[in-house]
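Working notes for the structure below.
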There are 2 protein chains.
Amino acid sequence: MSRFLSNATNKIDAKGRVSVPAPFRSVLASMDVEELYCFQDFHFPAINIGGPELLARFERRLAELDPFTQEANDLSLLIHGGGVFVRLDKEGRLALTDFFRVHTGIEDEVTFAGRAEFFQLWRPDAFLAAQAAARAGLKLSGTSSR
Amino acid sequence: MSRFLSNATNKIDAKGRVSVPAPFRSVLASMDVEELYCFQDFHFPAINIGGPELLARFERRLAELDPFTQEANDLSLLIHGGGVFVRLDKEGRLALTDFFRVHTGIEDEVTFAGRAEFFQLWRPDAFLAAQAAARAGLKLSGTSSR
DNA sequence: TGGGCAAATTTGGGCGTCAATGGGAAAATC
DNA sequence: GATTTTCCCATTGACGCCCAAATTTGCCCA
């Protein structure tokens with residue numbers, strides 16, 4: 001099974017477009033994904049992107065809840081109201097609307113980060129900071145390679 | 001199956017009209033919906049909008065309740081007394097009467113938020129706040145996107 | 001091993017179409 | 001008769017589609 005791995009930083013052009021890294025596009029192609037589901041990450045200032053299955057996963061969880069509860073409302077607000085389907089253009093580029101910029105602080109460059117089943121869009125410096133914080137966290141919890 | 005997804009913020013013009021986002025209009029068209037049922041959300045300061053089926057859904061819920069309970073009374077009061085049917089104009093715009101403004105605080109801009117089977121009208125800053133609160137709530141209950 | 005060529009990828013714009021918005025005029029309502 | 005609502009059109013800006021340049025990557029061969 002192919003997964004989204006590694007990271008890359010690309011530029012946003014004057015029209016607000018950015019190329020999705022070719023390795024990621026070939027993973028999408030192997031999954032037969034044309035429509036990309038994007039939503040704001042719950043913890044980080046990042047956008048998560050994957051196939052329709054990503055949304056389906058959340059909807060299965062939602063279906064288990066009583067639709068009139070606050071929890072069901074909150075979850076729907078995030079995955080439906082906070083999510084979009086988008087398509088890439090013929091060159092494999094993504095149009096970055098305000099939807100993507102508001103939660104991430106993205107301005108003129110984007111870092112793509114593979115997360116196995118999906119990938120993320122980050123503001124480059126925020127990604128570096130999150131990585132550093134993650135390393136520090138692992139060290140503190142005693143999982144060290146040294 | 002098409003659903004209402006994502007969010008967008010549009011301006012209200014001098015006549016109190018606002019364009020319903022094109023993606024939402026095409027979902028309505030695919031459902032053959034001409035008359036929109038609108039009512040005040042139970043949890044949030046927002047107006048919910050969908051087809052007649054949305055009202056039918058609540059009436060089914062109502063039918064399950066003992067009609068003499070407080071809950072049945074409240075539900076009927078909200079979905080019947082607090083609901084209206086409206087139509088869009090030829091450009092796909094909605095006329096925002098006081099009905100829409102009172103419980104939402106909407107003034108000169110509206111955020112449309114997809115909720116799968118229906119969509120919502122929010123005052124923009126209230127929507128952002130509700131999203132943030134929902135994220136915080138899910139965090140505590142262990143629902144993580146990681 | 002290194003250079004050089006070829007292919008793929010990223011980046012930059014032109015242009016047409018559609019959506020959002022603004023405003024005037026006609027029609028309906030009170 | 002006056003106010004509100006609906007229709008119509010005009011402008012603006014965003015987005016998709018197409019093609020071209022520049023940069024990077026990988027491969028082959030000397």
Side-chain angles (χ1 to χ4, degrees), chain A residues 2 4-30 33-38 47 49 83-102 106-114 119 121-124 127, chain B residues 2 4-30 33-36 38 49 84-102 106-114 119-124 127:
Chain A
S2 56
F4 297 102
L5 285 182
S6 103
N7 67 83
T9 300
N10 288 342
K11 288 175 194 165
I12 301 175
D13 68 19
K15 294 163 96 173
R17 303 170 299 184
V18 64
S19 289
V20 174
F24 288 6
R25 296 204 308 263
S26 61
V27 173
L28 291 171
S30 75
V33 168
E34 293 276 329
E35 297 230 284
L36 304 179
Y37 173 65
C38 316
I47 300 285
I49 305 186
V84 231
F85 276 107
V86 300
R87 287 173 171 277
L88 304 183
D89 67 15
K90 277 208 169 168
E91 285 73 37
R93 283 181 288 195
L94 183 64
L96 293 183
T97 59
D98 283 343
F99 176 86
F100 294 92
R101 298 171 188 267
V102 170
I106 286 172
E107 285 171 3
D108 55 354
E109 285 194 335
V110 183
T111 294
F112 291 78
F119 62 89
L121 266 46
W122 288 81
R123 180 189 165 110
F127 175 70
Chain B
S2 57
F4 296 102
L5 277 186
S6 112
N7 66 81
T9 300
N10 288 343
K11 288 175 194 166
I12 302 175
D13 68 19
K15 297 182 182 177
R17 303 171 298 182
V18 64
S19 290
V20 175
F24 288 7
R25 297 204 307 262
S26 61
V27 173
L28 291 171
S30 76
V33 168
E34 294 277 329
E35 295 231 285
L36 304 178
C38 316
I49 304 186
V84 289
F85 277 103
V86 300
R87 286 174 171 276
L88 304 184
D89 69 15
K90 283 221 164 152
E91 283 73 40
R93 284 184 283 198
L94 183 64
L96 292 184
T97 59
D98 282 344
F99 172 82
F100 294 94
R101 298 171 189 267
V102 171
I106 287 172
E107 285 172 3
D108 55 354
E109 285 194 334
V110 183
T111 294
F112 292 78
F119 62 89
Q120 296 181 315
L121 302 188
W122 287 80
R123 180 189 165 109
F127 175 69

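Convention: sequence-line order gives letters A, B, ...; per-chain numbering from 1. Everything quoted here is computed from the prediction, not taken from an experiment.
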### Message
Can you measure B:Asp89 atom CG to C:dT21 atom C1' for me and round it to whole angstrom units?
### Response
12 Å
### Message
Tell me every residue that passes side chain to side chain donor-acceptor pair (under 3.5 Å) with A:Arg17, counting only those two or more places apart in sequence or in another chain.
### Response
A:Asp13
### Message
Any base atoms under 4.0 Å from B:Arg17, or only sugar-phosphate, or nothing? Heavy atoms, all strands.
### Response
base
### Message
I want to check something: taking the side chain as every heavy atom from C-beta on, are A:Thr9 and A:Phe112 in contact at a cut-off of under 4.5 Å?
### Response
no
### Message
Can you see if the side chain of A:Lys90 gets near the phosphate of D:dC18 - specifically, an N or O under 4.0 Å from OP1 or OP2?
### Response
yes
### Task
For nucleotides 5-11 of chain C, just jot down a letter per nucleotide in 5' to 3' order: B, S or -, based on protein non-hydrogen atoms under 4.0 Å.
----SSB
### Query
Just by modelled atom types, is the B:Val18 backbone N or O under 3.5 Å from a matching donor or acceptor in the B:Asn10 side chain?
no
### Length of the CG-C1' vector between B:Leu94 and C:dA20, whole Å
14 Å
### Message
Counting C-beta onward and ignoring hydrogens, is there a side-chain heavy-atom pair between A:Leu96 and A:Leu121 closer than 4.5 Å?
### Response
yes
### Message
Whole angstroms only, please: what is the CZ-P distance between A:Arg87 and D:dC17?
### Response
9 Å
### Query
So, does the side chain of B:Lys15 form a donor-acceptor pair with the base of D:dT6 at under 3.5 Å?
yes
Only distances under 3.5 Å count here; give the side-chain donor-acceptor pairs of residues 22-30 of chain A to other protein atoms, sequence neighbours excluded, each with its distance to 0.1 Å.
residue: A:Arg25; atom: NH1; partner: A:Val20; partner atom: O; Å: 2.6
residue: A:Ser26; atom: OG; partner: A:Pro23; partner atom: O; Å: 2.8
residue: A:Ser30; atom: OG; partner: A:Ser2; partner atom: OG; Å: 3.1
residue: A:Ser30; atom: OG; partner: A:Val27; partner atom: O; Å: 2.7

### Message
When you compare the side chain of A:Ile12 with that of A:Phe100, does any pair of heavy atoms fall below 4.5 Å?
### Response
no
### Query
Could you give the CZ-to-P distance, from B:Phe112 to C:dA19, as a whole number of Å?
15 Å
